[in-house]
Asks: 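Here's a structure for you.
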Amino acid sequence: MRLIGNILWFVFGGFVMGLGWWLAGILAFVTIVGIPWAKACFVIGQFAFFPFGKVAISRKNMSGQDDIGTGMLGSLGNVIWFIFAGVWLAIGHLLSALLCFVTIIGIPFGYQHLKLASLALAPIGKTIVDKEVAAAAGYTGI
């Protein structure tokens, strides 16, 4: 079922938003200072291409301890990200979600866009894992 969902997602909107994430990553990479954000963009862009069966969770939930992205520097990075790119990617996902919610079949895709929109607002300190791995780590938001 995940394979079918991912194929339909990719054809009907996931491709465009994944490219949006990769474009943001390229722009961040060009600035040199934005290389840490660029890496996150490419990872999340891959997630935006094929989101079914995966989930974005805090690295603190995975490891049980803070790291540079889940602490104070990660919060500062998320503020900078929000101002320069996050709000635009979130708007793209929200508009895509609205288009998907027009049809009953599109509702699961709209829900995925809403999850990606919330991730677009603050991606620093998150990691993308399979749902089974997240469940084993004690993540209950699946």
Asks: Below 4.5 Å, heavy atoms only, C-beta onward: do Leu19 and Leu23 meet side chain to side chain?
Replies: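 Result no, sub-4.5 Å side-chain heavy-atom pair not found.
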Asks: Please report the C-alpha distance between Phe49 and Asn6 in whole Å, then the side-chain angles of each, then the deciding distance to 0.1 Å, and finally whether the side chain to side chain contact (heavy atoms under 4.5 Å, CB included) criterion is met.
Replies: CA-CA 8 Å; Phe49 282 134; Asn6 279 324; over 6 Å; no
Asks: Flag yes if Leu99 and Val16 sit in one hydrophobic cluster, no otherwise; membership is Ile, Leu, Val, Met, Phe, Trp, Tyr, and two members link when side-chain heavy atoms are under 4.5 Å apart.
Replies: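 Hydrophobic grouping puts Leu99 apart from Val16.
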Asks: I need the minimum non-hydrogen distance between Pro36 and Val33, along with the two atoms involved.
Replies: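 Answer, listing the atom of Pro36 first, then Val33: CD-O, 3.5 Å.
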Asks: Let me confirm one number: the CG-OG distance from Leu114 to Ser96, rounded to the nearest 0.5 Å.
Replies: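 Here the rounded value is 10.0 Å.
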Asks: When clusters are formed by joining ILVMFWY residues with side-chain heavy atoms under 4.5 Å apart, either directly or through shared neighbours, do Leu121 and Trp88 land in the same one?
Replies: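 Yes, Leu121 connects to Trp88 through the hydrophobic network.
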Asks: To check you understand the geometry: which heavy-atom pair defines the closest contact between Ala48 and Gly18, and what is its length?
Replies: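 The pair with the smallest heavy-atom distance is CB-CA, 3.9 Å.
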Asks: How far does CZ of Phe47 sit from CD1 of Ile128, to the nearest 0.5 angstrom?
Replies: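 That separation rounds to 4.5 Å.
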Asks: Report yes if the side chains of Val133 and Asp130 come closer than 4.5 Å at any heavy-atom pair, otherwise no.
Replies: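 A side-chain contact exists here, since the closest heavy-atom pair is under 4.5 Å.
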Asks: Would you mind reporting whether Trp22 and Leu27 have side-chain heavy atoms less than 4.5 Å apart?
Replies: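 Result no, sub-4.5 Å side-chain heavy-atom pair not found.
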Asks: Flag the pair Lys115 / Pro51 as yes when at least one side-chain heavy-atom distance between them is below 4.5 Å, and no otherwise.
Replies: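 Side-chain contact under 4.5 Å: no.
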Asks: I want to check something: taking the side chain as every heavy atom from C-beta on, are Phe84 and Ile80 in contact at a cut-off of under 4.5 Å?
Replies: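 The answer is yes; the side chains approach within 4.5 Å.
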Asks: Any sub-3.5 Å donor-acceptor pair from Trp37's side-chain atoms to Phe29's backbone N or O?
Replies: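 Not confirmed, Trp37 side chain does not pair with Phe29 backbone.
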Asks: Could you go through Phe109 and Phe52, starting from their C-alpha distance and side-chain angles, then the distance that decides it, and tell me whether this counts as ring-ring contact (aromatic ring centres under 6.0 Å, His included)?
Replies: CA-CA 9 Å; Phe109 302 116; Phe52 291 96; 5.7 Å; yes
Asks: Step by step, would you call Ile7 with Leu3 a side chain to side chain contact (heavy atoms under 4.5 Å, CB included)?
Replies: CA-CA 6 Å; Ile7 291 170; Leu3 178 64; 3.9 Å; yes
Asks: Answer with yes or no whether the hydrophobic clustering places Leu89 together with Leu94; edges join I, L, V, M, F, W, Y residues whose side-chain heavy atoms lie under 4.5 Å apart.
Replies: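 Different hydrophobic clusters.
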Asks: Check for a donor-acceptor pair, side chain of Trp9 on one end and backbone N or O of Pro108 on the other, with a separation under 3.5 Å.
Replies: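 Here the side-chain-to-backbone pair does not exist.
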Asks: Is it the case that more than 12 heavy atoms not belonging to Ile83 sit under 6.0 Å from its CD1 atom?
Replies: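 Counting neighbours around CD1 of Ile83, more than 12 heavy atoms of other residues, nucleotides or ligands fall under 6.0 Å, so yes.
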Asks: State whether the number of non-hydrogen atoms from other residues, nucleotides or ligands found under 6.0 Å of Phe50 atom CZ is greater than 12.
Replies: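 Yes, CZ of Phe50 has more than 12 neighbouring heavy atoms, counting only those of other groups under 6.0 Å.
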Asks: Using the rule that two of Ile, Leu, Val, Met, Phe, Trp, Tyr join whenever any of their side-chain heavy atoms come within less than 4.5 Å, decide whether Trp81 and Leu76 are in one cluster.
Replies: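 Yes; Leu76 is reachable from Trp81 via cluster members.
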Asks: Is the closest side-chain heavy-atom distance between Ile57 and Val129 below 4.5 Å?
Replies: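 SC-SC contact between Ile57 and Val129 confirmed.
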Asks: Taking atom types as modelled, is there a side-chain donor on His93 or Trp21 under 3.5 Å from an acceptor on the other?
Replies: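 Distance-only check passes for His93 and Trp21.
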Asks: Flag the pair Cys100 / Ile107 as yes when at least one side-chain heavy-atom distance between them is below 4.5 Å, and no otherwise.
Replies: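 Not touching, per the 4.5 Å side-chain cut-off.
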Asks: With a 4.5 Å limit on heavy-atom distance, are the side chains of Lys126 and Leu119 in contact?
Replies: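 The answer is yes; the side chains approach within 4.5 Å.
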Asks: Where do Ala90 and Ala120 come nearest, in terms of heavy atoms and distance?
Replies: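 For Ala90 and Ala120, the tightest heavy-atom pair comes out as N-CB, 3.7 Å.
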Asks: Do you know which two heavy atoms are closest between Ala97 and Gly110, and how far apart they sit?
Replies: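 Distance-wise, the nearest heavy atoms are CB-O, 3.6 Å.
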Asks: Is there a path of hydrophobic side-chain contacts, each under 4.5 Å between heavy atoms, that joins Val11 and Leu116?
Replies: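 Same cluster.
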Asks: Report the distance from atom CE of Met17 to atom CD of Gln112, rounding to the nearest 0.5 Å.
Replies: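 The CD atom of Gln112 is 13.0 Å from CE of Met17, to the nearest 0.5 Å.
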